[in-house]
Each structure stands twice: as C-alpha cells, then as structure tokens.
Amino acid sequence: MSSKHFLTLFFFLLISCNTLTSSTLEKEDTFDFVRPIDRKLLGLNKKEKLSHFKLYWHDIVSGKNPTSVAIVPPSSKVNSTTFFGLVSMIDNPLTLGPELSSKLVGRAQGFYASASQEEIGFLMTMNFAFIEGKYNGSTITILGRNHARNKVREMPVVGGSGLFRFARGYAEATTHWIDAKAGDACVEYNVHVFHY
Ligand SMILES: *[C@@H]1O[C@H](CO)[C@@H](O)[C@H](O)[C@H]1NC(C)=O
Ligand SMILES: *[C@@H]1O[C@H](CO)[C@@H](O)[C@H](O)[C@H]1NC(C)=O
C-alpha cells in the first residue's frame, strides 16, 4: 500500500470512528423520557448576554404593612446572640432608587434564615420577580450566604425563568441604610447575570 493510500484509509477510519462514537452516545442518552435536542429549538444558539442590574431592596419590618415577617423564632436550644434559627418570609419591593417612593421594578420574594451561631449571618433564598417592561414575569433566583457585618456580601445567582432561563451569575449586596431600632433596611443589590 502506498503511503498516500494508507493516509486516506487512516482518515477514513478516524472519521467513521468519530461518527460511530457520537451516534452511540446519542443512543445511550435517549430513553422514552429523554432525548438530546438541537439548542436552536430553544433559541439558545444566540450569543449569551451579560447584564448588570442595580436595584434597591427594601426590608420593611416595622409599621402596619411589613414586607418582611418573622415566621419562625430563633431557636431556644442554643445560646446565641445571632438569632440562630430565625426565619423571615419576604415580599420586599425592588426599586430603581434608594427611596421607597422611587419606581418599583419588581419584588424579592422568598425567605432568609439566620444560619450562623457565631456572627449575624443569613442564608438568603429569594426570587427577584420583575414587573418592568420586557422583564415583566421573568425571575432571577438568588441563593447564598449573607453575613451582615461584611460591607459587600456576594451571593450566587443559581438560575432564573423567562428571559433568565439558564441564567447564572452573582449578586453583591451593600447596605444603603439600616434603622437598627425599627429593624428596617435598604440594601443596594448589584446583580451580574449571563442569560440568553
Ligand atoms: C449565654 O452566653 C452568655 C455569654 O456568651 C452568658 O453570659 C449567658 O449566661 C449565657 N446564657 C445561657 C442561658 O446559657
Ligand atoms: C405585567 O404582566 C402582568 C400579567 O401578564 C400584567 O397584568 C401587567 O400589567 C404587566 N405589567 C407591566 C408593567 O407591563
């Protein structure tokens, strides 16, 4: 066999081997309830976008219309000054500016729970549900650790819905002001998300 022929045969084998592997994989991934699909069908062939959202999150604990309500008291089993075990359910306004009267663009719905016995630290579990423009009805899901003493607290964006399907990213929270007596707070959220 000439070396030219040998090369041709070699490439032929290489290519058929590759096709064989990918078709075998597809077969293995296909069951009655699952099959691989073309990403174009979900519009995922577009380039992923990176967006920065700047919002103000209002934790209103006091007054007649609180948006943040303690639903589980701190545990009496541990001697903790960090409210360990406390769970608060929230439906907090998200506004464009730091004033509560500024434009409402969505709500932060979910709960936060005191998860540290040593410091004031919360587990945040919330959806940013937007009501503005094309984002109306879409959500960003944030789940992370929020240690109040840190100036900037970073929490992962673990997903989203609507325009934020397949979203990933991170949120940075910085306290804008806090009224220690009433318990109310306004927190600036800077959220960076990849989405389609
Ligand atoms: C809780 O801990 C503090 C010091 O951290 C202590 O002074 C206090 O007696 C403790 N209380 C109880 C009920 O154990
Ligand atoms: C957002 O969507 C809801 C339900 O589809 C609709 O009732 C509401 O008017 C919309 N809001 C804005 C600001 O477009």
Side-chain angles (χ1 to χ4, degrees), residues 11-60 67-68 87-113 115 122-146 152-174 176 186-196:
F11 280 115
F12 176 76
L13 281 176
L14 198 72
I15 288 163
S16 45
C17 188
N18 262 343
T19 353
L20 199 71
T21 320
S22 55
S23 64
T24 316
L25 265 183
E26 282 206 2
K27 233 182 191 162
E28 275 175 3
D29 286 347
T30 305
F31 293 88
D32 288 343
F33 60 94
V34 58
R35 67 197 166 96
I37 67 159
D38 190 332
R39 54 172 60 212
K40 270 190 206 143
L41 289 173
L42 294 182
L44 301 179
N45 51 328
K46 289 182 289 182
K47 202 167 180 287
E48 212 176 14
K49 289 187 281 246
L50 176 63
S51 303
H52 172 205
F53 293 82
K54 182 178 172 176
L55 304 159
Y56 290 87
W57 180 96
H58 302 268
D59 201 45
I60 308 163
T67 63
S68 175
V87 180
S88 282
M89 207 77 209
I90 61 167
D91 186 12
N92 286 352
L94 292 169
T95 60
L96 223 49
E99 301 81 26
L100 191 53
S101 57
S102 79
K103 192 174 173 63
L104 182 73
V105 293
R107 306 195 77 90
Q109 299 174 331
F111 63 86
Y112 59 79
F122 296 101
L123 163 70
M124 309 294 288
T125 309
M126 58 187 172
N127 291 309
F128 278 14
F130 293 96
I131 58 165
E132 180 63 14
K134 69 169 183 175
Y135 297 103
N136 189 9
S138 292
T139 63
I140 288 175
T141 303
I142 292 171
L143 186 138
R145 177 178 185 261
N146 183 359
V152 182
R153 288 89 66 186
E154 182 179 326
M155 293 159 251
V157 167
V158 295
S161 72
L163 286 182
F164 301 109
R165 283 177 182 174
F166 293 103
R168 61 209 158 86
Y170 65 95
E172 285 179 312
T174 319
H176 191 66
C186 172
V187 179
E188 182 183 317
Y189 269 81
N190 282 284
V191 186
H192 288 92
V193 269
F194 275 124
H195 61 104
Y196 287 93

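Quick caveat: nothing in here was measured; it's all calculated off a predicted structure.
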With a 3.5 Å distance limit and no angle check, can you tell me whether [X] reaches the backbone of [Y] through a side-chain donor-acceptor pair?
| X | Y | answer |
| --- | --- | --- |
| T125 | G110 | no |
| R107 | A129 | no |
| T139 | N127 | no |

Gap between atom [atom2] of [Y] and atom [atom1] of [X] - 0.5 Å precision:
| X | Y | atom1 | atom2 | result |
| --- | --- | --- | --- | --- |
| L100 | S102 | CG | OG | 7.5 Å |
| R145 | M124 | CZ | CE | 13.0 Å |
| W57 | T174 | CH2 | OG1 | 12.5 Å |
| I90 | D59 | CD1 | CG | 6.5 Å |
| Y170 | H192 | OH | NE2 | 4.5 Å |
| H195 | K46 | NE2 | NZ | 10.0 Å |

Requested in this report: May I ask you to test the N45-D38 pair for a side-chain heavy-atom distance under 4.5 Å?
Outcome: no

**Report entry** Any side-chain heavy-atom pair of V105 and F53 under 4.5 Å
**Finding:** no

Can you name the nearest heavy-atom pair linking [X] to [Y], along with the distance?
| X | Y | result |
| --- | --- | --- |
| Y56 | E188 | OH-OE1, 3.3 Å |
| G137 | S161 | O-OG, 4.3 Å |
| L163 | S138 | N-OG, 2.9 Å |

**Report entry** ring pair (Phe, Tyr, Trp, His ring centres under 6.0 Å) evaluation trace for F128 with Y189
**Finding:** CA-CA 11 Å; F128 278 14; Y189 269 81; 5.4 Å; yes

Query raised in the report: Once the angle between the rings of Y135 and F130 is folded into 0 to 90°, is it parallel (under 30°), tilted (30 to 60°) or perpendicular (over 60°)?
Result: tilted

Query raised in the report: Does the side chain of T67 come under 3.5 Å of the side chain of H58 through a donor N or O and an acceptor N or O?
Result: no

Query - R168: side-chain hydrogen bond (donor to acceptor under 3.5 Å, both in side chains) partners, not counting sequence neighbours - result: E48

Requested in this report: Test ring pair (Phe, Tyr, Trp, His ring centres under 6.0 Å) on F194 and F166 and set out the steps.
Outcome: CA-CA 8 Å; F194 275 124; F166 293 103; over 10 Å; no

Query - Qualifying residues under salt bridge (Lys or Arg N to Asp or Glu O under 4.0 Å), relative to R153, sequence neighbours excluded - result: none

